[in-house]
Amino acid sequence: MKLSPPLKTLKLAVGAALLAVAALAPSLASAQDVAKWRVQSHWPGASSSYKDSLVRLKNEIERRTEGRVQLQLFEAGALFKAQETFNAVSRGIIQMGTISPGYAQDKITLAGIASGLPFAFQHVWEAAYFHQQLGFEQMLREESAKFGVYWATDKVYPTEMVVKKPINSWEDFTRLKIRSSGALQKFLNEAGASTTYLPGSELYPALDTGVVDAAHWGAAQGAASMSFYEVAKYHVKPALNIAGTDVTIVSQKALDALSERDQEIVKQVLDEQFWYRTNEYLYQEHIALSKAVKEQGVEVNTLPEDVQKRLTDIARNTWEEEGKRSDKAAEALNKLKAFLGELGYL
């Protein structure tokens, strides 16, 4: 039986539609396989590391997984307070976050050492070597894994203060009101300064109005990106510490839900990020401080030798307290002291 032209046309149209659906099926399945991760940062959007670290991480993961893993970024405070991010990732409420190790001190006994023992390392390469070649990064991953969290240090870099008035004596130092956090806050308190913790979004007005007269947010690059040099014209050296003060944390549950291929890609990107951002940050530090000196009248305030010595002596006493937090912390501290001994610092 021959089909009439209208019926024949209809049959051809239906066949074409079925072929189109069949062709779309793989892409529909691919769309369903896309992992969409929410990422809570501890950096405000104005912070240099929000763009240079977090946005870079998003772009690299999405590019190398060909869009199979997509990151939705939230700046500091958008979903949770910074101190709540570790628990949110641990419980799988969000899939990824960035934190300072100090924000996880109630869970991670190595957090104080990870935050950076004051006046320990003198050069950034030393901290990088301690993390990657001497096994400290692996120790952090093993401890955080107990909470269902994959730990990846973003970079190691110096933490340096900005102050509104120069520090020319021990008395100048002990009169300071300093915004700080983590192990550094404890150290600065014990050294005789007055400290308080404030989230990044509150730092500029606190410096501007005199609520605090000193603060640290990374070093020169962080201070410049947060506009601190508008109200605090002295950049203090040497560094309070050199450490892996920024960390990316990933829900192990979210990681396990990916294909083996994509799991390896995410881990590889995180490992590469450590070296890329550590080197980039050092370069940007030099540029940022030079620009602040030339364009904003910032002065480098090198601490007097007697102040440096007193701070170093006090710092070494605080190291011992961190080593008492667990057997693993004691092991890490002994490893660190042996390394510093080899370098001739102890």
Side-chain angles (χ1 to χ4, degrees), residues 39 41-43 49 52-54 56-57 60-61 85-86 89-90 96-118 120-159 182-184 218 239 241-252 254-256 263-282 319 322-323 325-340 342-343:
V39 186
S41 179
H42 68 306
W43 296 305
S49 284
D52 293 340
S53 282
L54 191 54
R56 178 187 183 274
L57 201 61
E60 281 297 296
I61 288 175
T85 304
F86 185 90
V89 172
S90 175
M96 181 186 282
T98 68
I99 62 169
S100 170
Y103 301 160
Q105 284 192 101
D106 60 330
K107 299 286 193 307
I108 306 300
T109 66
L110 296 171
I113 298 174
S115 293
L117 297 182
F121 301 118
Q122 296 183 19
H123 303 282
V124 170
W125 75 262
E126 298 162 358
Y129 192 86
F130 179 66
H131 270 263
Q132 302 294 352
Q133 268 74 21
L134 295 183
F136 184 57
E137 186 77 4
Q138 185 58 35
M139 294 178 73
L140 286 163
R141 286 182 180 170
E142 289 171 359
E143 187 169 26
S144 62
K146 298 175 183 177
F147 301 93
V149 171
Y150 184 84
W151 183 287
T153 301
D154 182 70
K155 57 186 172 294
V156 290
Y157 62 93
T159 294
L184 276 183
N241 70 13
I242 298 172
T245 319
D246 292 324
V247 180
T248 300
I249 52 175
V250 183
S251 162
Q252 189 62 51
L255 203 54
D256 291 342
Q263 287 182 47
E264 288 307 309
I265 289 174
V266 170
K267 290 178 180 179
Q268 186 174 35
V269 170
L270 290 170
D271 285 343
E272 291 172 3
Q273 174 101 339
F274 177 93
W275 297 108
Y276 183 94
R277 285 293 292 135
T278 293
N279 289 324
E280 181 182 56
Y281 203 90
L282 282 177
W319 298 359
E322 290 300 330
R325 296 196 63 196
S326 71
D327 290 342
K328 283 295 181 183
E331 179 186 342
L333 180 59
N334 287 336
K335 186 178 296 193
L336 172 61
K337 289 163 71 174
F339 179 45
L340 296 177
E342 290 176 347
L343 295 173

When you measure from the side chain of Ser90 to the backbone N and O of Phe86, does any donor-acceptor pair fall under 3.5 Å?
no
Which heavy-atom pair separates Glu143 from Thr109 by the least distance, and what is that distance?
OE2-OG1, 2.6 Å
Any side-chain heavy atom of Val250 sitting closer than 4.5 Å to one from Leu270?
yes
Main chain of Ala329, side chain of Glu322: is a donor-acceptor contact present, judged purely on distance under 3.5 Å?
no
In Å, rounded to the nearest 0.5 Å, how long is the span from CD1 of Ile108 to NZ of Lys146?
8.5 Å
Are Met96 and Val89 close enough that some pair of their side-chain heavy atoms sits under 4.5 Å apart?
no
In terms of heavy-atom contacts, does CG of Asp327 have more than 12 from other residues, nucleotides or ligands at under 6.0 Å?
no
The test is side chain to side chain contact (heavy atoms under 4.5 Å, CB included); show your working for Glu126 and Ile242 and say whether it passes.
CA-CA 9 Å; Glu126 298 162 358; Ile242 298 172; 5.9 Å; no
Rounded to the nearest 0.5 Å, what separates atom CD in Gln252 from atom CZ in Arg141?
10.5 Å
Arg277 backbone acceptor or donor facing Asp154 side chain under 3.5 Å
no
So Thr153 and Gln132, do their side chains get closer than 4.5 Å, heavy atoms only?
no
Where the side chain of Trp319 meets the backbone of Pro118, is there a donor-acceptor pair that is under 3.5 Å apart?
yes
Against Ser100, only a single residue in Thr85, Thr245, Leu184 fulfils side chain to side chain contact (heavy atoms under 4.5 Å, CB included); can you say which?
Thr245
What's the shortest heavy-atom distance between Pro101 and Ala111, and which atoms?
O-CB, 3.3 Å
Check the angle between the aromatic planes of His42 and Tyr103 and answer parallel, tilted or perpendicular using the 30° and 60° thresholds.
perpendicular
Minimal non-hydrogen separation, Ile99 against Ala104, with atom names:
CD1-CB, 4.2 Å
Drop me the distance from Leu340's CG to Leu333's CG, to the nearest 0.5 angstrom.
9.0 Å
I need the minimum non-hydrogen distance between Leu140 and Ala114, along with the two atoms involved.
CD2-CB, 3.9 Å
One should read off an interatomic distance between Gln138 CD and Glu142 CD, to the nearest 0.5 angstrom, of 4.5 Å
Could you measure the distance from the CG atom of Asp246 to the OG atom of Ser41? Nearest 0.5 Å is fine.
8.5 Å
Ignoring hydrogens and geometry, is there a side-chain-to-backbone donor-acceptor pair from Arg325 to Gln105 under 3.5 Å?
yes
Starting at OG of Ser326, measure out to CG of Leu110 and round the result to the nearest 0.5 Å.
5.5 Å
How are the rings of Tyr157 and Tyr281 set to each other: parallel, tilted or perpendicular (split at 30° and 60°)?
tilted
Output yes when a side-chain donor or acceptor of Thr278 lies under 3.5 Å from a complementary backbone atom of Val156, and no otherwise.
yes
Should the ring pair Tyr129 and Phe339 be called parallel, tilted or perpendicular, given that the plane angle runs from 0 to 90° and is split at 30 and 60?
parallel
For the residue pair Ser53 and Gln273, what are the closest heavy atoms and their distance?
O-NE2, 3.0 Å
